[in-house]
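Both counts, for ligands and for their atoms, begin at 1 and track the order of listing. The chain is numbered in sequence order, starting from 1. All of these numbers come straight from a predicted model, not from anything done at the bench.
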Amino acid sequence: DGKLFCPFDLSGITLANHIVMAPLTRNRAGPGLVPGALATEYYAQRASADLIITEATQVSEQAQGIQNTPGIYTTEQAGWRKVTNAVHARGGRIFVQLWHVGRVSHVDLHDGKAPVAPSAIRAKAKTFVNDGFADVSEPRALELDEIPGIVDSFRRSAANAIEAGFDGVEVHGANGYLLDQFLRETANVRTDAYGGSIENRARLLIEVAAAVADEIGAGRTGIRPSPVSPASGIVPAADEQPQFNHVVEALDALGIAYIHVVEGATGGPRDATPFDYDVLRQRFRNAYIANPDLVERLKAGIPLAQMDMTTLYGGGARGYTDYPASTAFADA
Ligand SMILES: C=C(C(=O)O)c1ccccc1
């Protein structure tokens, strides 16, 4: 509809186009779970999207669920500043996606301690630890008095994000991770204020969103939900509409900048809708990894490079920073 390359006002932040780089886990964090040595180049190469949402970034040690994913809860992890400076130097904007995996984790990442969850219900899912796939571990239910600490870890990480130069944060409320686990009857059987009804199951997500918005401003706060996705062992209820109607209404009341909805299954088939999302998703999702200059290619109608599926997660420059920008512009 011709808006793709038109400017866009995101709560006072003027974006040059309607193209956003989606959060993409790449498992290349360095020791101390700081952004990897190549992260600055990787994100700077893709700054023309004008808004980048980083890979999921954990808000505490407890929040980690896969090897080599970065954090933003220690002083050392303020190393993100190199990334934000490089993206800003190219006129781009960048939000960090704040993540707590909850039960989608493994005891080997937590010195033998059980991962946490709304209830002690193990996900039928695998994670990647010790350089291999393994079933996620049996979680323990969070005590009621631990929940304020979870909210606070998001609040503090949001403050760290602004300190590190990010333009805002996206709270990861999707894909079967902690905040999504609380939303689901099949993962959350609590009988306290955080379970047993639509409002109670949404309480933690809304408290986190409110704390982040209070800390850094609603206009710098986004949320990612995934209403019907079965990702990470989540079993959606037969009808998730009432639950997510409530979530969206409560988030809207906070005045946050955006809601970034996963439509259909994460990385899988979309719901039966009159619009074929699959073509768009394949084109933009794959393209973003393999085409650092996606915006320019789309503008000029230059064919898109295809991504190498074997170098998505972990490793070094191959399949990360070595995708070339198109030379067609040089000839033009
Ligand atoms: C953070 C992820 C998500 O939101 O799905 C993720 C994690 C591991 C591999 C791919 C994606």
Side-chain angles (χ1 to χ4, degrees), residues 20-29 33 35-36 39 42-43 52-60 62-73 80 94-106 108-109 115 117 123-137 154 157 161 169-184 187 205 208 222-236 258-270 277 281-282 284-286 288-290 307-315 319-320:
V20 178
M21 179 175 167
L24 296 163
T25 289
R26 305 303 305 274
N27 303 92
R28 287 168 165 86
L33 300 178
Y42 168 71
Y43 283 109
I52 294 173
I53 304 168
T54 68
E55 63 208 278
T57 299
Q58 54 260 8
V59 296
S60 65
Q62 180 190 78
Q64 184 185 1
I66 312 177
Q67 73 179 47
N68 301 341
T69 52
I72 191 160
Y73 54 88
W80 278 108
I94 184 166
F95 276 38
V96 59
Q97 190 187 50
L98 299 183
W99 192 21
H100 191 310
V101 297
R103 67 182 189 176
V104 187
S105 189
H106 193 279
D108 287 1
L109 288 168
K124 291 182 178 59
K126 291 188 180 299
T127 189
F128 197 77
V129 290
N130 311 318
D131 294 328
F133 285 100
D135 290 340
V136 299
S137 302
F154 278 92
S157 294
V169 308
E170 175 175 288
V171 173
H172 198 339
N175 297 341
Y177 299 113
L178 182 70
L179 301 180
D180 195 24
Q181 292 159 28
F182 268 83
L183 293 174
R184 312 295 179 163
L205 176 68
V208 166
I223 302 276
R224 190 168 217 201
S226 54
V228 296
S229 176
S232 308
I234 276 292
V235 178
Y258 69 84
I259 297 174
H260 174 195
V261 181
V262 176
E263 296 174 0
T266 307
R270 288 199 183 270
Y277 293 99
R281 188 171 49 94
Q282 284 308 326
F284 284 111
R285 184 196 62 181
N286 294 356
Y288 237 109
I289 287 179
M307 75 176 170
D308 167 9
M309 299 290 281
T310 64
T311 53
L312 279 179
Y313 304 115
Y320 189 52

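A donor-acceptor pair is defined here as one N or O able to donate and one able to accept, closer than 3.5 Å; no such pair exists between the side chain of N130 and the backbone of G132. Distance alone, capped at 3.5 Å, is enough to place a donor-acceptor pair between the S232 side chain and the N175 backbone. A donor-acceptor contact shorter than 3.5 Å is absent between the side chain of W99 and the backbone of G71.
Looking at atom 7 (C) of ligand 1, its nearest protein heavy atom turns out to be Y177 OH, 3.4 Å. The single protein non-hydrogen atom nearest to atom 1 (C) of ligand 1 is T25 OG1, 3.3 Å, given as residue, atom name and distance. In terms of protein heavy atoms, atom 3 (C) of ligand 1 is closest to N175 ND2, 3.4 Å.
Residue-ligand proximity, A56 to ligand 1, at heavy-atom distances under 4.0 Å covers atoms 1 (C). Counting atoms of ligand 1 from 1 in the listed order, those under 4.0 Å from a heavy atom of Y313 are 9 (C), 10 (C). Of all atoms in ligand 1, listed by their number and element, those nearer than 4.0 Å to a heavy atom of I66 are 7 (C), 8 (C).
Residue contacts with ligand 1 for H172 involve side-chain atoms from C-beta outward but no N, CA, C or O (heavy atoms, distance under 4.0 Å). Contacts between L24 and ligand 1 below 4.0 angstrom, taking non-hydrogen atoms only, are absent altogether.
Here the rule is side-chain contact (heavy atoms from CB on, under 4.5 Å) with L98, and of T54, V169, L179 only V169 fits it.
Ring planes of H172 and Y177: perpendicular class, angle over 60° (limits at 30 and 60°).
Annotation: the span from T311 atom OG1 to R26 atom CZ amounts to 6.5 Å, rounded to 0.5 Å.
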